[in-house]
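In what follows, a structure is listed as structure tokens, so that the remarks can point back to it.
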Amino acid sequence: MERGVLMAAVAAYAANTARRSRSGRWRHALLIALALLCVGVLLVLPLLAVFAEAFAKGWAVFAAAVTDPDALAAVRLTLTVAAIAVPANTVFGLAAAWLLTHHQFRGKALLGALIDLPFSVSPVVAGLVCVLVYGVHGWFGGWLEAHGLRVIFAWPGLVLATVFVAFPFVARELIPLMQAQGSDEELAARTLGAGGWQIFFRVTLPRIRWALLYGVLLCTARSMGEFGAVSVVSGHLPGLTNTLPLQVDQVYNGGSDTAIASAFALASLLACLGLVTLLAKRLMEWRHGGELAHSLRRSEPSA
Amino acid sequence: MKRLGPTLLLAIAIGALAFGSAVQAQDSRLLNVSFDPTRELYKEADAAFATSWKRQTGKDLRITTSNGGSGKQSRAVQDGLEADVVTLALAWDIDVLADRGLLARDWQSRLPEHSTPYTSTVVFLVRKGNPKGIRDWPDLVRDGVQVITPNPKTSGGARWNFLAAWGWAQRQPGGNADKARAYVAQLYKHVPVLDTGARGATNTFVQRGIGDVLIAWESEALQARQELGADKFDVVVPSLTILAEPPVAVVDKVVDKHGTRAAAEAYLKFLYSPEGQALVAKHYYRPRDTSVAAKYATIFPPVKTFTLAEQFGDWRKAQATYFADGGIYDQISEAGR
């Protein structure tokens with residue numbers, strides 16, 4: 001009798017779970033479908049449209065567009081600006097993250113908030129501020145002019161604007177990790193007699209390298225894609241101060257069907273740069289995901 | 001190996017800097033800061049002049065032209081963009097530069113025809129067959145007609161459009177400033193999209209299919225029809241319109257700094273030469289040279305125009321009255337809200 005009751009209870013429980021899991025499965029599937037739909041409509045479709053438009057007028061137009069001297073100059077300039085802005089931001093990001101996680105000082109909270117400033121300020125404002133400070137009539141304009149230095153409407157202005165907008169990525173990737181890891185290992189190294197650079201390169205850097213690389217990738221993607229801030233400081237000289245995003249806009253404004261196809265050809269180039277960055281990130285996660293998780297896991301006890 | 005980190009970063013930075021300066025330091029070059037719908041014209045004129053300059057002097061010359069809304073471009077030159085020459089939509093945008101001491105105040109008397117080597121007029125571009133039956137200015141303010149024209153605050157072309165409408169209204173029998181103002185206010189109520197530049201407005205009308213009529217420069221209208229097929233658009237010439245006179249000037253301060261005065265002056269004079277005038281006409285701007293104009297007479301329909309000087313005095317006055325902050329355009333658009 002007792003056994004019968006037990007059996008019934010188990011059966012009821014099983015049925016209940018099955019029902020719940022069946023409805024759970026439905027909900028699950030619905031959510032996945034919804035997410036896929038959103039990703040498809042909002043992300044994948046526009047990306048495909050870029051490539052479709054790029055080849056809308058055929059290969060010849062595409063080839064002509066991406067081998068145009070002005071377009072090549074734009075690609076070169078974009079890569080140059082990124083080649084300066086990304087290392088600079090890497091150093092700044094590392095320094096800021098180190099300061100914020102390993103030191104106590106007055107104004108620490110303020111610094112933490114300031115790092116996020118470029119995320120909250122519109123890039124157009126960032127560009128205008130550059131003009132205000134470095135433009136001919138700006139604060140340093142007279143001095144720069146007297147020394148024959150051009151910042152606004154020349155490549156240094158593009159670099160400054162790009163550094164500004166891409167500033168937070170490295171620091172924001174590093175801070176949570178470094179906070180979680182604490183400074184025990186650095187302190188141990190110091191007790192064992194290691195110097196500052198030695199600690200940094202042998203202890204700190206190996207522990208944060210994946211987060212650092214991830215931050216650098218994001219920073220690179222943003223540096224190459226920035227439009228608003230560089231648009232203000234560029235002067236839009238084709239072949240001279242047009243980065244790739246600006247060149248896309250300029251070609252697009254040509255207005256003819258060929259111009260629009262050419263603009264999309266350049267846009268697809270830009271998208272490819274972005275996709276390569278994304279791919280590098282995936283590859284990194286896939287190959288070194290274990291290490292990445294490990295470096296986080298190792299830090300857990302101290303968190 | 002790990003010690004190399006900082007050195008490597010430094011090397012990258014220095015290399016990039018060196019590359020950047022290499023980009024800057026080039027042989028003889030001219031920068032022409034122009035307004036929006038001249039890109040096709042100067043693309044060809046730049047190449048033609050560089051060839052003729054090479055023939056005359058044996059020197060290579062690289063000419064870069066940047067395009068954008070006239071007011072915005074003028075602003076960039078004021079902020080330090082080192083334009084050797086400016087070729088803008090209206091004299092006011094160059095007057096501002098003169099006020100800043102970048103060129104002589106009498107710049108407009110330095111070249112023939114008030115420094116305007118080419119002109120255009122303000123016309124209407126409508127969809128093929130003119131389904132809304134637009135013939136003249138009054139048709140633009142009929143119910144259900146959507147008009148595309150850029151924002152006069154940022155676009156030089158749009159200011160000419162504004163003044164064309166105003167001048168037409170004021171020159172009607174019994175017309176006066178009040179009636180003109182009422183008409184223009186009515187007109188801007190029919191504008192669904194205010195682009196920042198003339199080319200943007202053309203794209204809105206032509207590529208995105210918005211609106212029933214585009215108020216445009218003749219050059220822009222003819223080119224749009226040419227590029228997209230005469231089977232898609234018609235050009236309508238109103239009974240009376242303005243003669244748009246986009247001026248050109250050498251920026252004294254910049255050419256003296258760059259040592260490019262000779263090339264810059266020759267470049268602008270080239271626009272007045274038969275070869276330059278033929279290029280101007282080819283890109284649908286009305287040439288000043290009468291013999292070139294006669295050759296291209298079939299392209300340009302006869303049109304009755306008034307000039308800015310006849311109707312409004314000069315650009316300084318027109319700018320202050322209509323387009324300055326708090327001016328008539330601002331009052332109209334505020335009242336329209």
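Throughout, protein chains are lettered first and strands after them, A, B, ... in sequence-line order, and every chain is numbered starting at 1.
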Roughly how far apart are B:Thr64 OG1 and A:Asn242 CG, rounded to 0.5 Å? 10.5 Å
For A:Phe92, does the CZ atom sit with more than 12 other heavy atoms under 6.0 Å from it, leaving out its own atoms? no
Which pair of non-hydrogen atoms, one from A:Gly235 and one from B:Ser66, has the smallest distance, and what is that distance? O-OG, 3.8 Å
Heavy-atom distances under 4.5 Å only: say whether A:Glu145 touches chain B with side chain, backbone, both or neither. side chain
Quickly, which of A:Leu237, A:Thr241, A:Ile152 forms a side-chain contact (heavy atoms from CB on, under 4.5 Å) with B:Leu81? Name it, please. A:Leu237
Counting N and O atoms only, with roles assigned by atom type, does the side chain of A:His236 sit under 3.5 Å from a partner on the main chain of B:Gln73, one being a donor and the other an acceptor? no
Measure B:Asp79 against the heavy atoms of chain A and call it side chain, backbone, both or neither at under 4.5 Å. both
Out of curiosity, A:Leu240 CG to B:Leu31 CG, how far, rounded to the nearest 0.5 Å? 8.0 Å
Part of B:Arg208 lying under 4.5 Å from any heavy atom of chain A: side chain
With a 6.0 Å cut-off (strictly less than), is the heavy-atom count around NZ of B:Lys128, excluding the residue itself, greater than 12? yes
Within 6.0 Å of NZ in B:Lys257, more than 12 heavy atoms from elsewhere: yes
Given that the side chain runs from C-beta out, which part of A:Ile260 has a heavy atom under 4.5 Å from chain B: side chain, backbone, both or neither? side chain
Smallest separation among heavy atoms of B:Glu82 and A:Arg150, with atom names: OE2-NH1, 3.1 Å
For B:Gln223, which atoms come within 4.5 Å of any heavy atom of chain A: side chain, backbone, both, or neither? neither
Surrounding NZ of B:Lys153 (heavy atoms of other residues, nucleotides or ligands, distance under 6.0 Å), is the total greater than 12? yes
Write down the atom of B:Arg199, the atom of A:Asn253, and the distance for their closest heavy-atom approach. CG-O, 2.7 Å
When heavy-atom pairs shorter than 4.5 Å are enumerated against chain B, which of A:Val232, A:Asp257, A:Val159, A:Leu79 gives the highest number? A:Asp257
Need one label for B:Thr202: side chain, backbone, both or neither, based on atoms under 4.5 Å from any heavy atom in chain A. neither
Just checking A:Arg190: does its CZ atom have more than 12 heavy atoms from other residues, nucleotides or ligands closer to it than 6.0 angstrom? no
